[in-house]
**Q** 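Got a structure for you, written out below as structure tokens; questions coming shortly.
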Amino acid sequence: MSDPNAGLPPRYLRTPEAARFLSLSGRTLEKHRTYGTGPAYRKLGGRVVYSLEDLKAWAESGAKTSTTDPGVRTVLPAKRHPALVPYAGKDRR
């Protein structure tokens, strides 16, 4: 089956539109961006935009066939994950 969007330029969504597309709140998508757990995004000037293809790929990365299926990749919750937080240069106590 051919892609109906073939030949069209890439489509970019702002945060509120992207959040609606993923059935998330805008704030949750912002948290994912902050913690590095969300879909790839681009900064165009001062605006954050998401490619429709990146949103689909990120959502697809969480696909499972059963509750015991480990899947290829896991979509992490929108919170700080120690392995993903870059070193800030000093101890944060």
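This chain uses plain numbering: 1 for the first residue, then up along the sequence. Note: hydrogens, waters and symmetry copies are ignored here, and every other heavy atom, side chains too, is used.
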**Q** Can you tell me how far apart CD (Glu30) and OG1 (Thr28) are? Round to the nearest 0.5 Å.
**A** 9.0 Å
**Q** Please list, chain by chain and in numerical order, all residues satisfying side-chain hydrogen bond (donor to acceptor under 3.5 Å, both in side chains) with Glu60, sequence neighbours excluded.
**A** none
**Q** Grab the two heavy atoms, one from Gly38 and one from Trp58, that are nearest each other, plus how far apart they are.
**A** C-NE1, 3.5 Å
**Q** Can you list everything that forms a side-chain contact (heavy atoms from CB on, under 4.5 Å) with Ser66? Sequence neighbours excluded, please.
**A** Thr68, Asp69
**Q** Could you pull out every donor-acceptor pair under 3.5 Å between side chains of residues 16-24 and any protein atom, sequence neighbours left out?
**A**
residue, atom, partner, partner atom, Å
Glu17, OE1, Arg14, N, 2.9

**Q** Which atom names give the shortest non-hydrogen contact between Leu55 and Leu13, and what distance separates them?
**A** CD1-CD1, 3.7 Å
**Q** Got a sec, which residues hit side-chain hydrogen bond (donor to acceptor under 3.5 Å, both in side chains) with Thr34, two or more places apart in sequence or on another chain?
**A** none
**Q** Donor-acceptor pairs under 3.5 Å, side chain of residues 42-52 to any protein atom, not counting sequence neighbours: which ones?
**A**
residue, atom, partner, partner atom, Å
Arg42, NH1, Asp54, OD2, 2.7
Arg42, NH2, Asp54, OD2, 3.4
Tyr50, OH, Arg33, NH1, 2.8
Ser51, OG, Glu53, N, 3.1
Ser51, OG, Asp54, N, 3.1

